[in-house]
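This report concerns only the one structure given below.
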Amino acid sequence: MIKISTDRAPAAIGPYSQAIVSHGMVYTSGQIAIDPATNTVKGTTIEEQTKQIMKNIQAILEEASSSFDLAVKTTCFLADMNDFAAFNEIYGRYFTSVPARSCVAVKTLPKGVLAEVEVIAETADYSY
């Protein structure tokens, strides 16, 4: 296993890694709308927060020699399922390869954010 870490995404706020690469697959930890430059939540709307989540995921996938196009599965957590359509509209701009996905509503998320997304993707670097 190889731990993935980049300063272009928020540092882990607990005992976990931003992502792990194992057997050619990237497993990201759940990403929330933390701006890595300020370490604060970016945005107050689902649209703003989803855009920041996607920036964080992109940075981690790139560090692992991967991309949105290599995503196999995502799991999405929403604080309010009424945000689904707006979340989905932003999400669809990034995951154009339409990986498998689960999307569930949860009671609360870290730091009071509106969404969290984790990704399983292939890596283009076969040395992993």
Side-chain angles (χ1 to χ4, degrees):
M1 293 188 311
I2 299 169
K3 292 179 184 176
I4 300 298
S5 180
T6 176
D7 60 3
R8 296 184 306 123
I13 56 174
Y16 60 89
S17 301
Q18 289 173 327
I20 294 289
V21 175
S22 179
H23 301 285
M25 300 298 291
V26 181
Y27 301 86
T28 74
S29 292
Q31 293 301 304
I32 61 175
I34 299 290
D35 181 338
T38 64
N39 203 33
T40 60
V41 174
K42 183 167 184 183
T44 57
T45 67
I46 190 67
E47 295 88 352
E48 293 168 326
Q49 289 192 13
T50 303
K51 288 176 186 175
Q52 184 61 49
I53 291 167
M54 296 303 144
K55 287 180 185 177
N56 295 343
I57 290 170
Q58 182 174 15
I60 293 167
L61 290 175
E62 287 175 354
E63 188 68 23
S65 299
S66 189
S67 68
F68 290 108
D69 289 340
L70 294 174
V72 174
K73 170 82 166 71
T74 66
T75 305
C76 307
F77 306 93
L78 300 179
D80 185 346
M81 198 52 82
N82 290 320
D83 286 335
F84 180 79
F87 169 84
N88 206 43
E89 197 276 320
I90 304 296
Y91 172 99
R93 294 180 195 172
Y94 293 86
F95 289 101
T96 58
S97 63
V98 290
R101 176 177 85 174
S102 299
C103 187
V104 297
V106 295
K107 186 174 179 179
T108 57
L109 288 165
K111 299 191 177 269
V113 297
L114 303 174
E116 181 172 352
V117 178
E118 60 184 41
V119 179
I120 300 171
E122 295 177 329
T123 180
D125 183 347
Y126 297 105
S127 67
Y128 286 127

Heavy-atom closest pair, residues [X] and [Y]:
| X | Y | answer |
| --- | --- | --- |
| Leu114 | Ile46 | CD1-N, 3.5 Å |
| Ala115 | Ile53 | O-CD1, 3.5 Å |
| Leu78 | Met81 | CD1-SD, 3.9 Å |
| Ala71 | Pro99 | O-CB, 3.4 Å |
| Phe95 | Val119 | CZ-CG2, 3.8 Å |
| Gln18 | Pro10 | NE2-O, 2.7 Å |

Residues Glu116, Val106; criterion side chain to side chain contact (heavy atoms under 4.5 Å, CB included); working and verdict
CA-CA 10 Å; Glu116 181 172 352; Val106 295; over 6 Å; no
With rounding to the nearest 0.5 Å, note down the distance linking [atom1] in [X] to [atom2] in [Y].
| X | Y | atom1 | atom2 | value |
| --- | --- | --- | --- | --- |
| Met54 | Ile90 | CE | CD1 | 9.0 Å |
| Arg101 | Thr75 | CZ | OG1 | 10.5 Å |
| Thr40 | Lys111 | OG1 | NZ | 9.0 Å |
| Ile57 | Thr74 | CD1 | OG1 | 8.0 Å |
| Cys103 | Tyr91 | SG | OH | 8.5 Å |
| Tyr27 | Glu118 | OH | CD | 12.0 Å |

Give a yes or no answer on whether the side chain of [X] reaches the backbone of [Y] with a donor-acceptor pair at less than 3.5 Å.
| X | Y | result |
| --- | --- | --- |
| Thr123 | Ala64 | yes |
| Gln49 | Gly43 | yes |
| Thr6 | Ala9 | no |
| Ser29 | Ser17 | yes |

Can you classify the ring geometry of Tyr94 versus Phe68 as parallel (below 30°), tilted (30 to 60°) or perpendicular (above 60°)?
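Tilted.
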Heavy-atom check, side chain of [X] versus side chain of [Y], under 4.5 Å:
| X | Y | answer |
| --- | --- | --- |
| Ile20 | Ile4 | no |
| Glu122 | Ser65 | no |
| Lys55 | Lys42 | yes |

I would like to know whether Leu70 and Leu61 meet side chain to side chain contact (heavy atoms under 4.5 Å, CB included); could you show each step before the answer?
CA-CA 9 Å; Leu70 294 174; Leu61 290 175; over 6 Å; no
With a 4.0 Å cut-off on N to O distance, would you call Lys51 and Glu47 a salt bridge?
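No salt bridge links Lys51 with Glu47.
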Carefully, step by step, assess Ser102 and Lys73 under the rule side chain to side chain donor-acceptor pair (under 3.5 Å).
CA-CA 8 Å; Ser102 299; Lys73 170 82 166 71; 2.9 Å; yes
Gln58/Glu62 under side chain to side chain donor-acceptor pair (under 3.5 Å): CA gap, chis, key distance, verdict:
CA-CA 6 Å; Gln58 182 174 15; Glu62 287 175 354; 3.2 Å; yes
Determine whether Cys76 and Val117 satisfy the following criterion, side chain to side chain contact (heavy atoms under 4.5 Å, CB included), listing intermediate values before the conclusion.
CA-CA 5 Å; Cys76 307; Val117 178; 4.2 Å; yes
